[in-house]
Structures are given as C-alpha cells and as structure tokens.
Amino acid sequence: MLDPLECEEREWLIPTGTGGYSSSTPCGINARTYHGLLVVPQDPPHRRFMTLSKVEDSLLVDGHEYPMSTNRYQGDVFHPQGYRYLERFVAGENFVTWEYSFDKVRVEKTLVVNRGNDSIILRYRSGGGVVRVCPLVTFRSHHLVIKERHPIFSYSRDGGGFTLTVGNRAFLRLDVEEGFQVEDTGYWYYNFVYRLDRERGSNYLEDLYNPFCLISVGNKLTLHAYWGERGEEVELKPYSQELLTLLSNASKSFVVKGREGYALIAGYHWFDEWGRDTMISLEGALLMNGSQKQASQILSRYFERVNRGMMPNNFLGNEEVMYKGVDVSLWGVNALFKYYLYTRDLDLVRKLFPKVLEVLDEYWKGNGVVFNRGGLLYHSGSPRTWMDAQFDGNVVTPREGAAVEVNALWYNALMIAWRLGEVIGYDAEEFQEKAKTVKSAFRERFVFEGGLYDYVDWDGRPNRAVRPNQIFAISLPFPVVEGELAKRVLRVVEERLVRPYGLSTLAQGEQGYTPFYRGDRRSRDMAYHNGPIWPWLVGAYADAKVRFEEDPIEVKRLLNVFRPLLNLAEREGGYIPELFEDIPPYRKGGCIAQAWSVAEVLRGVSNVINLS
C-alpha cells in the first residue's frame with residue numbers, strides 16, 4: 001500500500017505533443033492545480049485548459065462498492081481510500097497502469113495518451129463484478145481553479161458518446177466502448193485540496209462537476225476522452241532501460257506542434273514557449289534526435305521575428321510576442337551554428353544570415369536596451385538575463401550592466417558570423433576583428449584572481465559573487481577565455497558550485513545565499529537563483545571540462561559526480577526537474593520536467609560518454 005503523503009510527491013506526466021498533457025499521482029490524488037487526465041491547449045500550444053480533471057471510479061461486486069480513486073479534501077481528509085487497494089503502479093512513455101486487488105477480484109486500469117492529439121484512452125478490465133466510472137470535469141486555465149462561481153455544464157448523448165458543454169461551448173468529447181449504463185448525476189464535488197500548490201502559496205482549493213456516471217455491463221469498459229480528433233489504439237511503450245535513449249525520448253516530449261508550426265515547451269506543467277529555453281534546448285531535444293526539419297522551422301520562426309536585434313522571449317498565443325532577454329538572440333545565433341554543424345544545410349544559413357547580421361549590427365551600434373561600451377555589451381533594465389526572478393515589481397538578481405555570460409555569448413556570436421560568412425561566401429572579416437576587440441575588453445574588465453566577475457555595473461563596479469554564469473566564457477563553441485585562465489575558471493566552478501544534481505546558482509557564503517526553495521511565491525523567488533541547483537548547467541560544465549581538463553580520467557569521472565542526477569532521471573522516465581535545493585537530500589523544486597534540464601544533461605552526458 002502506497003501512503004497518500006508519499007503518493008502526492010510521486011507525480012507522473014505524459015505530454016500529448018500539442019502543448020497539453022495528462023498528469024497526476026500514482027494513487028490518483030490530484031496534488032496540483034495542474035494535475036488532470038486531459039489538459040487541452042485552446043490556441044495550440046498555448047492557453048492550456050483543464051477539461052477532464054479525474055474520474056471517481058469503483059468496483060461493484062456482490063453488493064459491495066470498492067473505490068479505486070482517492071482525493072484530499074478540506075481538513076486534509078482522504079476520501080475515498082482507493083489507495084488501500086492499489087497493488088501495483090506502472091508508468092511508461094505513453095501510458096500508466098494501475099492494478100487493484102479487492103478480495104478475490106482484481107482490476108487493471110490503463111490510461112493511454114495518443115501523442116499528436118488531445119486524446120486519451122481509459123481502459124478497465126476486471127476479474128468480476130462491474131466498473132463504475134464518474135468523470136469529474138471543469139473548464140479553466142490550468143493555472144487557476146474554479147470555486148464558488150460555478151459555470152453551467154451540460155451534456156448531450158449520441159449513441160455511445162457524450163459531448164460536454166459549458167454555457168454554449170463544447171469542450172470535451174467522451175466515447176464509450178463495450179456495453180454500459182448511464183446514471184444521471186449532475187453533482188458538484190466540493191473542496192478538493194491540491195497540497196503541493198498549497199505549499200507553494202498558490203491556488204489549491206477547487207470544486208469539480210460530475211455530469212453522469214457510467215456502469216459497465218460486463219467486466220470491461222473503455223472510455224475515450226478527447227477534443228478535436230480522437231486518437232486510435234496505440235501500442236504501449238515502456239520506458240527504455242538505456243540511459244541515453246531514455247533521456248532522448250524524454251527530450252522529444254517537449255517538442256509540440258501548434259498552429260504556427262513546431263515549438264518547444266520550456267517545462268511541464270506551467271511553462272509555455274520561451275525563446276531562451278528553446279535555443280538552449282534545440283541541440284539536445286531536436287538535433288541529437290535527428291529532428292532537423294522541426295529545428296529548421298523553429299529557427300526560422302524565431303529569426304523572422306527578430307526586432308531591433310532582439311529575438312522573442314516568449315510566444316504568448318494569439319500571435320502575441322514579448323521581447324525582453326538580451327541574451328536570447330545570441331543563444332539563437334549559437335543554435336543556428338549548431339544546426340549547421342549537424343546538417344551542413346547552407347540553404348537555411350543563407351536564408352537566416354541577414355537576420356544574424358541584423359542582430360550583430362543592432363547590438364554593436366546599440367538599440368536602446370543594449371549598449372556597446374568599448375566592445376562589451378551593457379544592458380539597461382532588468383531582469384534581462386536568465387536570472388530573471390521578480391515579484392511585486394522587485395527584481396531579485398538585476399545584474400544590470402555588462403553580464404559575463406552575455407558578453408561570452410556576444411564574442412561567440414561574432415565568431416560564428418565570421419565562420420558562417422566564410423562557408424556561404426560572405427565577406428565577414430569585420431566580425432573577426434570585432435571579436436578581437438570584445439575579447440581584449442573582456443579580459444580587461446572581467447578577469448580577477450577569483451575567476452571572472454559575474455557582471456560589471458554601469459559605473460564600472462564589478463560584482464564578485466561566485467555564480468555559474470562564468471562557465472559560459474569557457475564552454476561555448478568559441479570561448480572568450482582560454483589557456484590557464486580557462487583552467488582557473490573551471491577550478492572555481494568545480495570547487496564552489498558543482499553539486500551531484502548540477503551547478504548551484506550562488507556559492508555558499510555569498511551574500512543572499514539561500515539553499516532552500518520552498519514556501520510562497522516571494523520566498524521561492526528570493527531563492528530562485530541564489531543557491532538552488534540548476535541541472536541544465538551540466539551541459540555547459542561538461543563542454544568546459546572536456547575542452548580544458550587535461551586528465552581524461554577526470555573527465556570520465558563526471559558520470560560518477562552526477563550519478564545521483566542520472567539515477568533520478570532513470571526513476572522518472574528520463575524527466576529532470578527545473579531545480580534542486582542546495583542542501584541534502586537535494587529536494588526537487590520548480591517544474592517537474594524542464595526541457596533544458598533534460599536536453600542539456602543528455603548533451604553533456606553524451607559528450608562525456610563519446611569521449612570515453
């Protein structure tokens with residue numbers, strides 16, 4: 001028997017490939033606002049709405065009713081207690097299976113996700129008795145809850161199917177196979193408690209609507225829940241037992257197809273499509289998986305929307321675009337270079353090269369957000385780097401001025417323009433000369449005995465905080481720092497920041513260091529980049545280690561250093577969360593599955609293994 005408290009900590013997730021997903025816990029307790037059996041994007045892959053939250057299901061046999069479901073209600077009451085009968089739970093790449101034992105009767109329940117459609121199949125097979133299934137529905141953003149102001153739900157029936165509506169809008173289709181009876185209910189279930197969101201200081205109390213219940217005539221019942229096109233029966237895919245294949249398959253689940261073509265979801269459950277995350281994840285999630293076509297489409301879509309040198313920070317749906325991060329365009333240039341190295345596709349390089357030139361020109365002359373001072377990039381306004389936490393108008397890590405990783409990316413982008421210019425016959429010598437200017441200014445401004453400054457403010461004052469951002473000065477395809485200085489930077493990172501689950505965002509002992517990531521929004525944002533470990537940084541660290549570590553045995557040892565992280569990925573279907581607390585037992589935090597965490601760990605580990 002799985003304890004319900006432990007159950008709420010063990011989440012499963014199966015994305016649909018549209019931006020939606022199916023996700024809950026092994027014993028069926030929805031512990032987050034985001035948990036539900038079918039979440040459907042209304043503007044794919046954006047505006048994701050919860051439709052089928054869960055089902056209340058039970059076995060009816062010999063005059064007794066045995067529950068399969070479990071809920072946490074207000075007052076922290078668990079009812080019903082189906083978890084007591086749960087004997088086995090198995091998760092796979094596209095399915096989850098529950099096995100229940102009720103005295104002498106066993107029931108197997110399987111949920112299958114039809115990737116590419118907003119569609120699931122829920123299948124029951126019992127050794128006796130009949131199955132009763134009561135769908136609990138809602139229609140809301142997956143970020144929110146419905147409480148008190150209840151919408152008016154209704155349904156219509158045709159043959160073996162039901163169409164559910166809210167107001168005058170249809171939002172969910174349910175088709176039933178095998179013989180069944182319908183029991184009209186029209187009940188509201190009140191005060192579901194989503195514990196994990198309560199701990200986050202977020203929405204956590206909800207009501208759900210049950211329009212009817214289905215009772216099987218025999219010992220089988222199959223329910224199709226979908227919106228749009230109904231998925232067909234598919235083969236169940238167990239998780240791979242090989243680590244790199246497992247990570248590769250998990251990385252693919254962030255790739256979705258929306259109305260504007262392919263996109264990358266930054267993280268499940270709550271993150272949408274982010275430019276920075278997309279460009280960093282592109283190699284591990286697409287290029288390493290042979291998905292050049294999707295990578296080409298994504299690069300084209302982002303570069304076509306470059307505005308004054310800046311690439312979109314977010315696509316918000318309804319063609320709304322937000323520009324904010326000063327490093328996003330530079331990561332985009334890096335991603336295009338990686339694409340070229342994998343594909344040698346000169347046609348796409350020629351097509352997008354004018355946009356690369358636009359980025360470099362706008363950044364070199366200054367665009368009102370980015371300013372050139374002696375070759376180095378300074379930015380105004382914050383937050384504009386990946387350390388972007390803020391709450392109530394307060395920026396936690398402003399880093400306004402010249403940020404170390406932005407200028408490392410800047411040098412890298414200039415060198416890439418020179419190299420790509422050569423291969424397409426464009427006279428790009430000026431970029432090599434500009435890169436020399438940047439490299440000289442970088443050494444003058446950023447280097448000190450403790451490695452590299454994290455940033456230099458507008459008044460020329462350096463920030464000495466030991467953060468992982470300096471790793472990018474030695475990890476990118478064209479490192480702005482080399483030789484003994486690069487080795488010094490690598491030592492600083494290893495001695496102060498490397499952990500079993502990634503790199504800490506701030507060294508212990510630094511002002512503002514906070515190892516815990518928990519509590520309400522304010523508490524979490526204050527800690528976000530001030531100590532917690534981010535696994536996506538493993539990729540850059542592995543690049544630097546392979547390049548500047550002279551002892552190959554030390555490089556191979558990285559697999560042992562990050563073994564706890566890799567073991568976690570193996571337990572969780574290849575998924576890796578957004579971050580970990582920087583204190584044993586290194587509790588998980590943030591999104592349970594983050595694109596750049598998976599993609600960069602896959603890339604970094606592959607580099608080390610291939611070297612071995």
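Everything numeric in this text was worked out from a predicted model, so none of it was measured. Any value given below was found using the heavy atoms of this structure, including those in side chains, with hydrogens, waters and symmetry copies removed. For this chain, numbers begin at 1 and follow the sequence in order.
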Distance-minimising heavy-atom pair for [X] and [Y]:
{"X": "W98", "Y": "P26", "answer": "NE1-O, 2.6 Å"}
{"X": "S281", "Y": "L264", "answer": "CB-CD1, 4.2 Å"}
{"X": "Y83", "Y": "L2", "answer": "CD1-O, 3.4 Å"}
{"X": "D388", "Y": "R276", "answer": "OD2-NH1, 4.2 Å"}

Are [X] and [Y] packed together at the side-chain level, in the sense that at least one heavy-atom pair is separated by less than 4.5 angstrom?
{"X": "P4", "Y": "I29", "answer": "yes"}
{"X": "H379", "Y": "T385", "answer": "yes"}
{"X": "Y513", "Y": "Q511", "answer": "no"}
{"X": "T51", "Y": "V39", "answer": "no"}

With under 30° as parallel and over 60° as perpendicular, where do the rings of [X] and [Y] fit, or are they tilted in between?
{"X": "W410", "Y": "Y363", "value": "tilted"}
{"X": "H35", "Y": "H269", "value": "perpendicular"}
{"X": "W458", "Y": "Y378", "value": "tilted"}
{"X": "W596", "Y": "W534", "value": "perpendicular"}
{"X": "Y501", "Y": "F580", "value": "tilted"}
{"X": "Y21", "Y": "Y268", "value": "perpendicular"}
{"X": "F89", "Y": "W12", "value": "tilted"}

With side chain to side chain contact (heavy atoms under 4.5 Å, CB included) as the criterion, how do Y323 and N313 come out once you've worked through the C-alpha distance, each side chain's angles and the decisive distance to 0.1 Å? CA-CA 5 Å; Y323 298 88; N313 206 78; 5.8 Å; no

Quick one about [Y] and [X] (side-chain donor to acceptor, distance below 3.5 Å, no hydrogens or angles considered), yes or no?
{"X": "N289", "Y": "S251", "result": "yes"}
{"X": "Y455", "Y": "E405", "result": "no"}
{"X": "N469", "Y": "W386", "result": "yes"}
{"X": "N314", "Y": "D272", "result": "no"}
{"X": "T25", "Y": "E11", "result": "no"}
{"X": "K54", "Y": "N71", "result": "yes"}
{"X": "S253", "Y": "Y575", "result": "yes"}
{"X": "S240", "Y": "N249", "result": "no"}
{"X": "T514", "Y": "N530", "result": "no"}

Where do L5 and F78 land on the side chain to side chain contact (heavy atoms under 4.5 Å, CB included) test, with the steps shown first?
CA-CA 10 Å; L5 295 176; F78 293 105; 4.3 Å; yes

In this structure, CD1 of I471 is separated from CG of L476 (nearest 0.5 Å) by 10.0 Å

When rounded to the nearest 0.5 angstrom, what distance separates CG in L208 from CZ in F192?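 Atom-to-atom, L208:CG and F192:CZ are 4.5 Å apart.
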
Within a 6.0 Å radius of atom NE2 on H143, are there more than 12 heavy atoms belonging to other residues, nucleotides or ligands?
yes

| said: Does atom CZ (R557) have a neighbourhood of more than 12 heavy atoms from anything else shown, all under 6.0 Å? | reply: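 Not more than 12 within 6.0 Å, no.
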
Note to self: The criterion is side chain to side chain contact (heavy atoms under 4.5 Å, CB included); which residues satisfy it with N191, sequence neighbours excluded?
What the structure shows: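 Listed in chain order: Q74, K147, L205, D207.
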
| Intermediate values then yes/no, side chain to side chain contact (heavy atoms under 4.5 Å, CB included), S380 and E400 | CA-CA 6 Å; S380 65; E400 196 168 351; 3.8 Å; yes

### Query
Hey, does the side chain of R467 reach the backbone of T505 with a donor-acceptor pair shorter than 3.5 angstrom?
yes

For this session: Verify, without hydrogens or angle tests, whether S597 (side chain) and P577 (backbone) share a donor-acceptor contact under 3.5 angstrom.
Result: yes

Charged N to carboxylate O under 4.0 angstrom, D76 versus R198?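 So D76 pairs with R198 through a salt bridge.
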
| message | Walk me through whether T33 and H142 qualify under side chain to side chain contact (heavy atoms under 4.5 Å, CB included). | response | CA-CA 6 Å; T33 304; H142 70 159; over 6 Å; no

Quiz item: F315 and ring-ring contact (aromatic ring centres under 6.0 Å, His included): which partner among W274, Y302, Y262, F271?
Solution: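 So the option named by the test is Y302.
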
Sequence neighbours excluded, the answer for salt bridge (charged side-chain N to carboxylate O under 4.0 Å, His left out) partners of E570 is none

